[in-house]
Amino acid sequence: MKKVILIILCLFLCGCTNNDAKDAVKEYIYKFKNHDKEVLKSLEELISHEDLTGQASDEYRLVMKKQYYDLEYRIIEQIYNGNKATVITEITAYDYNKSKQEAKEYIEAHPEEFLKEDNTLDEVKYKNLQLKYMQEETSRVKYTVLFSAYYEQNEWHLENPDYTVLQKIHGIYEYEKTMRYSS
């Protein structure tokens, strides 16, 4: 009887842990969706490099937090090779690349509105226009992302995603117009 209970307990515990490579991806995306302190720290670093005014920084922060919160994903496949794995994931994000392109097109059509007295582009006005379009964005885009993971100490860990993956999570990856979709 003790053997049966032990076997059932072992099966139950093994079934509940379900330590797959996809779990590392789920945990990573969970951090974005729930505004984990590491993610917010990284966002602050990103904002510091954007050369934004105080109000624009606050607006950009809100736009990105919305992106993180509304980020959708679907695990498509896990490919294992020993203690390494590739997790193919589909991510759906707000199409902020489209927003930036629309701002660029507007400026090209109305350059006089964005020139300083010395006939150079007013970067602050340009960034503010981009932010305006990003705040109003409702279109979404799907990206395929390949996450790499490795197995160490009885657990799957995600390798640091590259810059392209981060661009896709932020919705600013420059893609071909034919892959865009709206919802």
Side-chain angles (χ1 to χ4, degrees), residues 25-76 87-148 158-183:
V25 172
K26 288 179 180 180
E27 182 180 323
Y28 180 72
I29 294 173
Y30 176 86
K31 288 181 177 184
F32 279 92
K33 291 183 69 62
N34 291 285
H35 303 150
D36 180 85
K37 65 181 178 184
E38 292 174 32
V39 170
L40 295 181
K41 181 179 176 186
S42 177
L43 176 58
E44 292 305 318
E45 186 175 322
L46 175 70
I47 290 170
S48 73
H49 295 295
E50 286 293 321
D51 194 30
L52 300 169
T53 63
Q55 181 180 352
S57 293
D58 294 341
E59 291 171 8
Y60 190 78
R61 186 178 297 104
L62 290 174
V63 163
M64 281 299 136
K65 283 183 174 183
K66 177 183 175 192
Q67 178 76 286
Y68 299 162
Y69 183 77
D70 291 343
L71 190 66
E72 296 175 4
Y73 73 98
R74 179 175 68 93
I75 305 294
I76 296 173
V87 182
I88 303 170
T89 307
E90 180 182 80
I91 289 180
T92 304
Y94 287 109
D95 194 354
Y96 293 151
N97 177 60
K98 179 178 143 259
S99 303
K100 288 183 163 198
Q101 290 303 316
E102 288 173 345
K104 182 179 176 185
E105 290 168 10
Y106 184 88
I107 288 175
E108 288 171 353
H110 306 89
E112 67 284 351
E113 294 179 35
F114 297 90
L115 293 178
K116 293 193 257 181
E117 289 181 14
D118 63 356
N119 280 340
T120 61
L121 178 66
D122 187 330
E123 291 290 334
V124 172
K125 281 186 177 180
Y126 179 47
K127 295 272 187 183
N128 287 338
L129 183 66
Q130 284 181 334
L131 266 172
K132 178 181 176 274
Y133 280 109
M134 291 168 77
Q135 289 169 324
E136 296 170 354
E137 190 61 66
T138 58
S139 296
R140 312 264 286 164
V141 64
K142 289 184 182 185
Y143 300 111
T144 299
V145 176
L146 304 178
F147 287 103
S148 297
L158 203 60
E159 291 182 8
N160 285 335
D162 64 18
Y163 184 64
T164 300
V165 170
L166 294 174
Q167 285 181 313
K168 290 178 177 182
I169 289 171
H170 287 101
I172 59 172
Y173 179 75
E174 293 184 25
Y175 56 83
E176 306 250 346
K177 287 187 178 187
T178 57
M179 75 174 278
R180 184 186 314 156
Y181 97 104
S182 296
S183 64

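- Nearest heavy-atom pair, Ala93 versus Gly171, reported as atom, atom and distance to 0.1 Å: CB-CA, 4.2 Å.
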Next item on the list: Take Glu123 and Lys127 through the test salt bridge (Lys or Arg N to Asp or Glu O under 4.0 Å) and record every step on the way to the result.
Entry: CA-CA 6 Å; Glu123 291 290 334; Lys127 295 272 187 183; 5.6 Å; no
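- With values rounded to the nearest 0.5 angstrom, Glu174 atom CD is found 11.0 Å from Thr164 atom OG1.
- Formation of a donor-acceptor pair under 3.5 Å by the Glu90 side chain with backbone atoms of Arg74 is not found in this model.
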Next item on the list: Starting from the C-alpha separation in whole Å, work towards a yes-or-no answer on salt bridge (Lys or Arg N to Asp or Glu O under 4.0 Å) for Arg61 and Glu44.
Entry: CA-CA 8 Å; Arg61 186 178 297 104; Glu44 292 305 318; 2.5 Å; yes
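- With respect to Lys41 and Glu45, no salt bridge is recorded, no charged nitrogen being found less than 4.0 Å from a carboxylate O.
- Atom CG of Asn160 has 12 or fewer heavy atoms from other residues, nucleotides or ligands within 6.0 Å.
- Atom OG1 of Thr144 and atom CD1 of Ile88 lie 8.5 Å apart (nearest 0.5 Å).
- Using a 4.5 Å heavy-atom threshold, the side chains of Tyr133 and Lys98 count as separate.
- The two atoms that bring Asn128 and Ala56 nearest to each other are OD1-CB, 3.7 Å, heavy atoms only.
- No hydrogens or angles considered: nothing links the side chains of Gln101 and Glu105 as a donor-acceptor pair under 3.5 Å.
- Going from atom CD of Glu102 over to atom CD1 of Ile107 covers 12.5 Å, rounded to the nearest 0.5 Å.
- One finds the CD1 atom of Ile169 at 4.0 Å from the OH atom of Tyr28 (value rounded to the nearest 0.5 Å).
- Closest non-hydrogen pair, Leu121 versus Lys116, comes out as O-CE, 3.6 Å.
- Using bins of under 30°, 30° to 60° and over 60° for the plane-to-plane angle, the ring pair Tyr69/His35 lands in the tilted bin.
- Minimum interatomic distance between Gln130 and Ala103 (heavy atoms only, all atoms of both residues): CG-CB, 3.8 Å.
- Taking every heavy atom of both residues into account, Lys168 and Tyr143 meet most closely at O-CE1, 3.4 Å.
- The number of heavy atoms from other shown groups lying within 6.0 Å of CD (Glu117) does not exceed 12.
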Margin query: Pair His170, Leu46 - check side-chain contact (heavy atoms from CB on, under 4.5 Å), show working.
Written below: CA-CA 11 Å; His170 287 101; Leu46 175 70; 4.1 Å; yes
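- With contacts defined as side-chain heavy-atom distances shorter than 4.5 Å, the pair Leu129/Glu113 does not qualify.
- Panel note: side chain Asn34, backbone Asp36; no donor-acceptor pair is recorded below 3.5 Å.
- Looking at Tyr175 and Asp95, their side chains do bring a donor and an acceptor atom within 3.5 Å of each other.
- Here the closest heavy-atom approach between residue Phe147 and residue Pro161 is recorded as CE2-CG, 4.2 Å.
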Item checked: Check against side-chain contact (heavy atoms from CB on, under 4.5 Å), Met64 and Met134 -> CA-CA 9 Å; Met64 281 299 136; Met134 291 168 77; 3.7 Å; yes
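- The closest side-chain donor-acceptor pair between Glu137 and Ser139 falls under 3.5 angstrom.
- At a threshold of 4.5 Å between non-hydrogen side-chain atoms, the residues Leu43 and Tyr68 count as touching.
- Enclosure of atom CD in Gln55 is not indicated, since only 12 or fewer non-hydrogen atoms of other residues, nucleotides or ligands lie within 6.0 angstrom.
- The number of heavy-atom neighbours closer than 6.0 Å to NZ of Lys104, taken from other residues, nucleotides and ligands shown, is 12 or below.
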Notebook entry, point to check: Given Tyr173 and Asn97, is the side-chain contact (heavy atoms from CB on, under 4.5 Å) satisfied, shown in steps?
Noted result: CA-CA 6 Å; Tyr173 179 75; Asn97 177 60; over 6 Å; no
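- Classified by interplanar angle (parallel below 30°, tilted 30° to 60°, perpendicular above 60°), the ring pair Tyr94/Tyr96 is parallel.
- Between Tyr106 and His110, the distance from one ring center to the other falls under 6.0 angstrom.
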